[in-house]
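In what follows, a structure is listed as structure tokens, so that the remarks can point back to it.
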Amino acid sequence: PVGEGEPLPEWDYQRAALLPNRCLAQRLRARRPAPGEPDAAAAVAAEMATRLRASSRQVRRRFEALRAAPRWQHGLTQGEELDLDAWVRFQVDRHDARQPHADAPAVFSRRARTDRSLATLMLADLSLSTDAYATQQARVIDLVRDSLFVFGNALQGAGDPFEMLGFSSVRRALRVHEIKRFAEPWDDAARQRVAAIKPGFYTRMGAAIRHGTQQLAARPERQKLLLILSDGKPNDLDQYEGRYGLEDTRHAVQAARQAGLVPFCVTIDQQANAYLPRL
């Protein structure tokens with residue numbers, strides 16, 4: 001355990017109220033093996049580095065290309081091209097005596113290289129349901145592990161700050177596994193923590209999203225991405241099964257958007273179309 005835990009609210013759709021201090025997010029961190037003990041995570045991480053080298057290189061090149069790509073700047077008095085929308089607005093304002101207008105209208109655009117300002121937090125579902133097989137060769141937890149490994153290499157290559165957290169729950173106790181914090185490097189220790197993840201317990205997704213939202217809200221970057229890897233809909237041992245869990249997760253996603261985040265979910269579930277659009 002890391003720290004004393006963080007209280008989190010939960011949305012009760014039957015009361016139409018956000019109940020304060022309903023859950024407790026407890027951060028956990030994998031122990032390092034004692035001297036002389038076999039380090040299974042190191043062996044798994046080495047195997048993943050070899051097997052996923054090509055995928056990591058391909059995704060990393062895409063992130064690097066996004067970083068180097070020029071972006072359009074609009075609303076300029078001089079530029080390469082005419083911004084048609086700005087020109088139409090200027091013409092409308094120019095014929096309206098009530099609207100002030102400048103002699104040099106800002107109706108041009110140009111391409112310029114700008115620094116990216118992006119922070120990413122990856123939330124990985126580590127509930128017991130991820131122990132099921134997604135293909136004949138791999139379980140869901142194996143695909144989640146590979147995804148974290150590849151994205152870690154790609155984000156490291158792009159130079160963007162990122163954090164990786166796994167989550168599971170037992171009733172209102174949210175277990176948050178620290179895989180890589182923002183302030184930590186993407187090194188062998190972080191990759192071995194990815195290799196060491198195991199499935200267990202349940203999926204209180206709304207609480208996990210709220211915890212991730214609070215972590216990203218403290219970041220200074222202009223753009224903030226909350227990426228959620230999950231195999232299915234939220235559930236737990238109490239009333240969080242069914243509509244209660246869906247409504248709480250939906251409320252947490254809406255709150256993340258209102259906080260300026262971009263939530264994005266990658267799901268491994270053939271029946272996801274039945275509930276994911278509502279979330």
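Remark: the backbone N or O of Met205 is not paired with any side-chain donor or acceptor of Thr203 at under 3.5 angstrom. Here the side chain of Tyr133 pairs no donor or acceptor atom with the backbone of Val140 at under 3.5 angstrom. When atom types are taken as modelled, the side chain of Lys180 and the backbone of Phe162 share a donor-acceptor pair closer than 3.5 angstrom.
Within the model, atoms CZ of Arg60 and CZ of Arg57 stand 10.0 Å from one another, a figure rounded to the nearest 0.5 Å. The OG atom of Ser127 sits 6.5 Å away from atom CG of Asn235, with the distance rounded to the nearest 0.5 Å. Once rounded to the nearest 0.5 Å, the distance linking CD of Glu10 with CG of Leu174 reads 10.5 Å. Rounding to the nearest 0.5 Å gives a distance of 12.5 Å between CZ of Arg250 and CG of Leu276. Expressed to the nearest 0.5 Å, how far CG of Leu226 lies from CG of Leu261 amounts to 6.0 Å. Atom CG of residue Leu227 and atom SG of residue Cys265 lie 8.5 Å apart, to the nearest 0.5 angstrom.
Closest of all the heavy-atom pairs between Ala124 and Leu148 is CB-CD1, 4.0 Å. Across Ala41 and Ala195, no two heavy atoms sit closer than the pair O-CB, 3.5 Å. The two residues Thr249 and Pro234 make their nearest non-hydrogen contact at OG1-CG, 3.3 Å. Of all heavy-atom pairs between Gly200 and Ser168, the closest is O-CB, 3.2 Å.
Under the 4.5 Å side-chain heavy-atom criterion for grouping Ile, Leu, Val, Met, Phe, Trp and Tyr, Val194 is not connected to Phe182 through any hydrophobic cluster. Residues Leu121 and Val266 do not share a hydrophobic cluster, clusters being chains of Ile/Leu/Val/Met/Phe/Trp/Tyr side chains in contact below 4.5 Å. Criterion: ILVMFWY side-chain heavy atoms under 4.5 Å apart, direct or through other members. Under it, Leu279 and Leu225 are not part of a common hydrophobic cluster.
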Which atom pairs, one a donor and one an acceptor, fall under 3.5 Å between side chains of residues 83-90 and the rest of the protein, sequence neighbours left out?
| unit_1 | atom_1 | unit_2 | atom_2 | d |
| --- | --- | --- | --- | --- |
| Asp83 | OD1 | Asp85 | N | 3.3 |
| Asp83 | OD2 | His74 | ND1 | 3.4 |

Which pairs of donor and acceptor atoms, one on a side chain in residues 15-26, lie under 3.5 Å apart (sequence neighbours left out)?
| unit_1 | atom_1 | unit_2 | atom_2 | d |
| --- | --- | --- | --- | --- |
| Arg15 | NE | Asp12 | OD2 | 3.3 |
| Gln26 | NE2 | Val2 | O | 3.2 |
| Gln26 | NE2 | Gly3 | O | 3.2 |

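Between Tyr202 and Ser169, some side-chain heavy-atom pair lies under the 4.5 Å cut-off. Side-chain contact between Pro161 and Glu221 is present, with at least one heavy-atom pair separated by less than 4.5 Å. No side-chain heavy atom of Asp125 sits less than 4.5 Å from a side-chain heavy atom of Leu229. Side-chain contact between Asp39 and Gln192: present, with at least one pair of heavy atoms (C-beta onward) separated by less than 4.5 Å. Taking the side chain as every heavy atom from C-beta outward, Ile179 and Leu165 never approach each other to under 4.5 Å. At least one side-chain heavy atom of Leu52 sits under 4.5 Å from a side-chain heavy atom of Asp146. The shortest side-chain heavy-atom distance between Arg53 and Met48 does not fall under the 4.5 Å cut-off. Counting heavy atoms from C-beta outward, Phe264 and Ile228 have side chains that stay 4.5 Å or more apart.
At a cut-off of 3.5 Å, with distance as the only test, no side-chain donor of Arg193 or His177 sits close to an acceptor on the other residue. Side-chain atoms of Asp231 and Ser129 include a donor-acceptor pair closer than 3.5 Å.
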Next on the checklist: I'd like to know whether Tyr275 forms a side-chain contact (heavy atoms from CB on, under 4.5 Å) with Thr267, so could you lay out the CA-CA distance, the side-chain angles of the two residues, the decisive distance to 0.1 Å, and finally the verdict.
Outcome noted: CA-CA 11 Å; Tyr275 62 87; Thr267 183; 4.2 Å; yes
Next on the checklist: Evaluate Asp248 against Tyr240 for side-chain contact (heavy atoms from CB on, under 4.5 Å), listing each step before the verdict.
Outcome noted: CA-CA 8 Å; Asp248 176 61; Tyr240 210 78; 2.6 Å; yes
Next on the checklist: Quick one, Gln223 with Leu118, criterion side-chain contact (heavy atoms from CB on, under 4.5 Å). Give me CA distance, side-chain angles, the key distance, then yes/no.
Outcome noted: CA-CA 5 Å; Gln223 292 180 305; Leu118 173 66; 3.8 Å; yes
Next on the checklist: If you apply the rule salt bridge (Lys or Arg N to Asp or Glu O under 4.0 Å), what do you find for Arg278 with Glu247, and how did you get there?
Outcome noted: CA-CA 9 Å; Arg278 178 164 180 79; Glu247 293 292 344; 2.6 Å; yes
Next on the checklist: Run the side-chain contact (heavy atoms from CB on, under 4.5 Å) test on Arg257 and Val253 for me, step by step, so that the C-alpha distance in whole Å, both residues' side-chain angles and the decisive distance to 0.1 Å come before the verdict.
Outcome noted: CA-CA 6 Å; Arg257 286 203 180 99; Val253 170; 3.6 Å; yes
Item to check | Derivation of the salt bridge (Lys or Arg N to Asp or Glu O under 4.0 Å) call for Glu163 and Arg219 | outcome: CA-CA 11 Å; Glu163 181 164 294; Arg219 297 295 305 177; over 6 Å; no
Next on the checklist: Determine whether Glu178 and Arg181 satisfy the following criterion, salt bridge (Lys or Arg N to Asp or Glu O under 4.0 Å), listing intermediate values before the conclusion.
Outcome noted: CA-CA 7 Å; Glu178 286 187 349; Arg181 292 187 293 236; 2.8 Å; yes
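Results of the side chain to side chain contact (heavy atoms under 4.5 Å, CB included) test with Thr130 over Asp142, Ile197, Ile141 single out Ile141 as the only residue that passes. For the side chain to side chain contact (heavy atoms under 4.5 Å, CB included) with Phe167, the lone residue among Ile209, Leu126, Leu123 that qualifies is Leu123. When each of Arg204, Arg171, Arg172 is paired with Asp238, the side chain to side chain donor-acceptor pair (under 3.5 Å) condition holds for Arg204 and for no other.
Scanning for side chain to side chain contact (heavy atoms under 4.5 Å, CB included) contacts around Glu81 gives Trp72, with sequence neighbours left out.
Between Phe149 and Trp186, the two ring planes are perpendicular [angle over 60°; tilted spans 30° to 60°].
At most 12 heavy atoms of other shown residues, nucleotides or ligands fall within 6.0 angstrom of atom CZ in Phe151. Heavy-atom neighbours of Lys233 NZ from other residues, nucleotides or ligands within 6.0 Å: at or below the threshold of 12.
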